[in-house]
Amino acid sequence: MKKFSLLLLTLWSPALFAQFTPGEIWPDNNGRHINAHGGGILYRNGTYYWYGEIKGTHSTAEVGVSVYSSKDLYSWKDEGVALQVSGDPASEITKGCVIERPKVIYNTKTKKYVMWFHLELKGQGYNAARTALAVSDSPTGPFEYQKSLRPNPGIWPQNFREEWKKPVPGEDTLKWWTPGWYKAVKEGLFVRRDLKGGQMARDMTLYVDDDGTAYHIYSAEDNLTLNIAELSSDYQRFTGKYITLAPAGHNEAPAVFKQDGWYYLITSGCTGWDPNAARSFRARSVLGPWEALKNPCVGEGAGLTFHSQSTFILPVAGKKNAFIFMADRWKPRNHIDGRYIWLPVKVVNGQPVIEWKDKWDLSVFD
Ligand code: DGJ
């Protein structure tokens with residue numbers, strides 16, 4: 001008997017029982033459900049850092065952006081608040097603003113951790129539609145708030161036709177959602193409208209390409225069109241090089257990965273906090289052209305992305321073609337209870353495919 005329990009003890013290791021349980025409560029090292037919604041993960045020096053929105057009951061930012069660390073992706077240590085909202089009512093990130101979908105990348109030249117996030121100014125609903133920057137010397141922060149902006153004022157997208165640069169008489173009076181209006185949006189109606197002040201920037205992600213160039217991917221034009229914009233070599237400015245993707249296609253929640261020379265993009269439609277069917281695209285270059293593919297989700301629940309919305313696609317360190325689709329199951333009546341849906345995403349004949357699993361672990365990639 002004694003021998004038997006000794007054997008059990010030596011066989012037991014947390015990793016042996018470690019698994020992902022999409023949609024369940026995910027406790028951190030303190031036993032509290034992880035509070036990192038709309039998140040993204042940075043892998044650096046053997047550690048994964050998960051950044052996300054700290055939610056309370058409501059969706060506004062009362063605390064800021066959280067950071068958790070993990071070596072194995074199963075057990076997460078609460079590293080505290082990476083970016084704190086301000087107590088100063090004059091600050092752009094004053095308590096009660098909206099901070100969504102924070103993403104962090106590391107810049108090898110400046111040795112800075114660079115966070116961009118979607119910012120809505122307090123009391124203005126979703127009208128500000130700005131992207132905001134915070135920077136830190138350490139992955140766990142504190143991140144220091146720098147600025148917010150609407151990207152690329154005065155600059156046309158690279159894939160914008162010459163003939164679309166001139167306003168079309170009467171375009172401002174077109175009725176929304178009519179065929180004529182859709183055509184006008186596809187032909188740059190809102191790019192022209194927002195040209196002077198910069199394009200709107202709401203749901204977002206960041207992607208660092210193999211050559212170190214970083215791209216900021218965001219929902220512009222009242223969420224009707226995605227923009228993919230190049231960042232400067234320090235990742236803290238927009239260079240002016242950008243494209244529009246799927247104009248009038250109504251995409252949110254962008255998440256990117258690269259496999260076998262193809263860039264894949266997974267997005268959602270736009271239905272507020274409610275789930276909808278995911279979409280996917282692929283391209284040979286980040287700046288396009290992008291080709292629309294199918295809903296990457298298959299099987300029961302695929303029509304609503306298994307009741308979730310994409311936020312990030314994580315390459316698993318040390319494994320080839322191993323990607324985790326990370327999504328949020330929002331709980332708009334009590335945001336802090338929002339759940340995480342992590343599922344493996346694989347590419348089958350050029351199409352990303354995601355299937356539901358109640359429980360799984362990293363051995364699916366072996
Ligand atoms: C959907 C977005 O993806 C979320 O990040 C959030 O902005 C909600 N809409 C707000 O309704």
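Atoms within each ligand, like the ligands themselves, are counted from 1 in listed order. Worth knowing before you read on, the calculation uses all heavy atoms, side chains too, and leaves out hydrogens, waters and symmetry mates.
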Quiz item: Considering only the protein, which heavy-atom contact is closest to atom 9 (N) of ligand 1, and what is its distance?
Solution: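 That would be Gly272 O, 3.4 Å.
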
Quiz item: Any idea how Tyr263 and Tyr207 line up, ring-wise: parallel (<30°), tilted (30 to 60°), or perpendicular (>60°)?
Solution: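 Perpendicular.
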
Exercise. Anything under 30° is parallel, anything over 60° is perpendicular, the rest tilted; go ahead and classify Tyr68 against Trp50.
Key: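 If you compare the ring of Tyr68 with that of Trp50, the planes turn out tilted.
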
Quiz item: Does NZ or CZ of Arg282 fall inside the cone over Trp290's six-membered ring, less than 6.0 Å from its centre and within 45° of the axis?
Solution: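 Ring-cation test returns no.
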
Self-check item: Qualifying residue for ring pair (Phe, Tyr, Trp, His ring centres under 6.0 Å) with Phe20, from Trp342, Phe325, Trp356
Solution: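 Going through Trp342, Phe325, Trp356 one by one, the ring pair (Phe, Tyr, Trp, His ring centres under 6.0 Å) with Phe20 is satisfied by Trp342 alone.
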
Quiz item: Under 4.0 Å from ligand 1, counting heavy atoms only, is it the side chain of Arg101, its backbone, both or neither?
Solution: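 Side chain only; the backbone of Arg101 stays clear of ligand 1.
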
Quiz prompt | Region of His118 engaging ligand 1 - heavy atom pairs below 4.0 Å | solution =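 Neither part.
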
Quiz item: Is it the case that more than 12 heavy atoms not belonging to Lys319 sit under 6.0 Å from its NZ atom?
Solution: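 Yes, enclosed.
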
Self-check item: Option with minimal heavy-atom separation from atom 3 (O) of ligand 1, where the choices are Val98, Asp203, Thr311, Asn276
Solution: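 Result: the heavy atom closest to atom 3 (O) of ligand 1 is in Asp203.
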
Self-check item: Glu100: numbered ligand 1 atoms lying under 4.0 Å from its heavy atoms
Solution: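 That gives atoms 4 (C), 5 (O), 6 (C), 7 (O) of ligand 1.
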
